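Have a look at the structure below before the remarks.
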Amino acid sequence: MSIQAPKGFNDFLPGEQYGWKDSYRWQQLEEHFRKVAGQYGYQEFRPPLVEFLELFVHGVGTTTDIVTKEMFNIVPRGDDPDPRRMAMRPELTAGLCRMYIENGIANQPQPTKIFAFGPNFRYENVQKGRFRQLHQLDVEVFGAQDPAVDAEVIHLSLDVVGRLGLKGLTVNVNSIGCPVCRPKYREALQNHFRPHLAELCEDCNTRIDKNPLRLLDCKKDSRHPAQQNAPVGLDYLCDECKTHWEGLLANLNALSVNYQVDTRIVRGLDYYTKTVFEVVSPKLGAQSALWGGGRYDGLMETVGGKPTPGVGFGMGMERVLMALEAEGLLEGAFPARPRMDAFIATMGDVARPAGLKLLYELRAAGISTDIDYLGRSLKAQMKYAGKQNSRFVIILGEDEVKNGVAAVKNMDAGEQQTVPLTDLVRHIQTIG
RNA sequence: CUGACUGUAGCUCAGUUGGUUAGAGCGCCUGACUGUGGCUCAGGAGGUCGCCGGUUCAAAUCCGGUCAGUCAGCCCA
């Protein structure tokens, strides 16, 4: 084997045989997302793929796995006067906050409703549904704390996949409070788990001081009795968070969103406050989360902006496409590749230049057209046109050129007629 | 990083208890008509059997190592 793609980096090629890696399906998923987000009033932001490392450290959180062990770092050249490290973005939210601050978007009409999508990079152990270059569809709302916005964002995310036919998903929601109430809950968790530390795993022993909420989503110790009767975060919410939580549920009910309250989801990113949610599919194996998100009212301040509430989600494009494939919905979700309108088959040295001239005339008229570049026989050109699924084959030989006509074969009907060159565009547009 | 499984043609895979020029299907190219696709038929191109070493008269096959891939732990999208 010669050189291969790096581990966790996928190739996307055109062709249905590539399944969820079919580049045409990716193109359609992106267009679909643009359309749905547009209908909800969201506008596209395009953050760079690289930011200063500092932004992600502050934005994503110093205790997160993403920052502590999964960052693709970029070390500046030795002769670069700016010595700051940069990093490939591991997620989109931090960069979007930076854009919002740096461009003074807060001075535009609020709230700011953003969609974005593209590749993110995490130095992970590769597995089914988990890659080092992963793609996300992302939505953020800055500048509104109304729980109706949390509900809108959740509804939007479900709408995106719902319109593609994906069903049987579980929507888990929870509230993890705010800087006012979370310390009390953290303390309650620490007091609850501390007596059992000797029986818990190494990670849990570290987490109890750094991030006790994540004791709850430890898989190793999930069956430990201390997990079963652990304090529930919802019981510790302050008045403001409690009101927000109840408002969220009321709004979700009003929108007929089918959700489950799961008090164990806490999310792996530090910036969340109040609402957190996760949507999982039963069809994906170990990496079952299709998307997740929540509210992060403190994030904008953390990365250097004025206090601004925010809520959003990141949806895994690979996982959505894989779930569609597992459900047999890939063909149904995305229409078939558009056909070519015409293929020009020429014979001989006289017809060739005439064919090339015609090729560009048809293209200029908006007719998708191709021609043979391998000097093949007429038979082989016909065969090739058939494989390309062209609607028409325009045949040019010496006789046709001499008479200013072309033999036009309708490949579906198998019929052929003689058409004046001056009438070709209209002929194809009429029938096609 | 740990564990399990897997590496043979572009793709999906056969390959017997080690034995001569390593096979099939699909795909690709050419021909069966000196100007007509899909079907059929004939032919062709394409492989240092992941790599290195060992055992043997002989290794795709057995052994060791190594690299790569897949899935799982962990974590998340």
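Order of the sequence lines sets the chain letters (A, B, ...), proteins ahead of strands, with each chain counted from 1. What you see is a predicted model, and the numbers here were worked out from it, not measured in a lab.
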Determine whether the aromatic ring centres of residues Phe131(A) and Trp20(A) are separated by less than 6.0 angstrom.
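Aromatic pair counts; centres sit under 6.0 Å.
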Centres of the Tyr42(A) and Phe115(A) rings: under 6.0 Å?
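Centroid distance Tyr42(A)-Phe115(A): not below 6.0 Å, so no.
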Which nucleotide, [options], lies nearest any side-chain atom of [X]?
X         : options                : result
Ile395(A) : A72(B), U36(B), G37(B) : U36(B)
Arg319(A) : G37(B), A77(B), C75(B) : A77(B)
Leu378(A) : A77(B), A68(B), U36(B) : U36(B)
Lys383(A) : A68(B), G37(B), A77(B) : G37(B)

Identify which one of Tyr373(A), Tyr384(A), Phe392(A) satisfies the ring pair (Phe, Tyr, Trp, His ring centres under 6.0 Å) criterion when paired with Phe343(A).
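Going through the options one by one, the only one that passes is Tyr384(A).
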Quote, to the nearest angstrom, the [atom1] distance that separates [N] from [M].
N      : M      : atom1 : value
U16(B) : A60(B) : C1'   : 13 Å
C29(B) : G10(B) : P     : 16 Å
G19(B) : C5(B)  : P     : 25 Å
G7(B)  : C62(B) : P     : 11 Å
A72(B) : G65(B) : C1'   : 25 Å
G25(B) : G35(B) : C1'   : 33 Å
U8(B)  : C13(B) : P     : 9 Å
A42(B) : U48(B) : P     : 28 Å

Can you check the [X] [atom1] to [N] [atom2] distance for me, whole Å?
X         : N      : atom1 : atom2 : value
Arg132(A) : C75(B) : CZ    : P     : 18 Å
Tyr384(A) : C29(B) : OH    : C1'   : 13 Å
Glu16(A)  : C26(B) : CD    : P     : 20 Å
Lys128(A) : G73(B) : NZ    : P     : 13 Å
Asp262(A) : C76(B) : CG    : P     : 14 Å
Asp372(A) : G35(B) : CG    : C1'   : 15 Å
Leu134(A) : A77(B) : CG    : C1'   : 6 Å
Gln17(A)  : C28(B) : CD    : C1'   : 13 Å

Determine whether any donor atom in the side chain of [X] lies under 3.5 Å from an acceptor atom in the base of [N], or the reverse, and answer yes or no.
X         : N      : answer
Gln127(A) : A72(B) : yes
Asn125(A) : C1(B)  : yes
Glu124(A) : C74(B) : no
Glu398(A) : G35(B) : no
Gln416(A) : U36(B) : yes
Lys409(A) : G37(B) : yes
Arg130(A) : C74(B) : yes

Does [X] reach a base, just sugar-phosphate, or nothing at all? Heavy atoms under 4.0 Å.
X         : answer
Arg122(A) : base
Leu290(A) : sugar-phosphate
Lys387(A) : sugar-phosphate
Glu400(A) : base
Met315(A) : nothing

Just to confirm, is there a sub-4.0 Å distance from OP1 or OP2 of G35(B) to any side-chain nitrogen or oxygen of Lys379(A)?
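No.
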State whether Lys7(A) places a side-chain N or O below 4.0 Å from either non-bridging phosphate oxygen (OP1 or OP2) of G69(B).
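Indeed, a polar side-chain atom of Lys7(A) lies that close.
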Going by number, which of residues 276-287 of chain A have a non-hydrogen atom under 4.0 Å from RNA chain B?
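When residues 276-287 of chain A is checked for heavy atoms under 4.0 Å from RNA chain B, the hits, listed by number, are Gly285(A), Ala286(A), Gln287(A).
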Would you mind pulling out the nucleotide paired to [N], Watson-Crick or G-U wobble, both distances under 3.5 Å?
N      : answer
C62(B) : G54(B)
G43(B) : C29(B)
C5(B)  : G69(B)
U48(B) : none

Hey, which of these two, Tyr18(A) or Phe131(A), hits RNA chain B nearer its 5' end, going by closest nucleotide?
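The residue mapped nearer the 5' terminus is Tyr18(A).
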Glu140(A) side chain to Thr93(A) side chain, donor-acceptor N/O pair below 3.5 angstrom:
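Yes, because at least one side-chain N or O of Glu140(A) sits under 3.5 Å from a partner of the opposite role on Thr93(A).
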Parallel, tilted or perpendicular, judged at 30° and 60°: which one describes the rings of Tyr40(A) and His155(A)?
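Judged by the thresholds at 30° and 60°, the geometry between Tyr40(A) and His155(A) is tilted.
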Can the positive tip of Arg363(A) be found less than 6.0 Å from the middle of the six-membered ring of Tyr360(A), inside 45° of the ring normal?
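Verdict for Tyr360(A): a cation-pi partner in Arg363(A).
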Flag side-chain contact, heavy atom, 4.5 Å: [X] against [Y]:
X        : Y         : answer
Tyr24(A) : Phe334(A) : no
Arg98(A) : Phe52(A)  : no
Val36(A) : His32(A)  : yes

Hey, mind stepping through Lys128(A) and Met322(A) against side-chain contact (heavy atoms from CB on, under 4.5 Å) and telling me if it holds?
CA-CA 10 Å; Lys128(A) 184 181 174 72; Met322(A) 289 173 88; 4.0 Å; yes
So for atom CD, which belongs to Gln43(A), do other residues, nucleotides or ligands contribute more than 12 heavy atoms lying within a distance under 6.0 Å?
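No, not enclosed.
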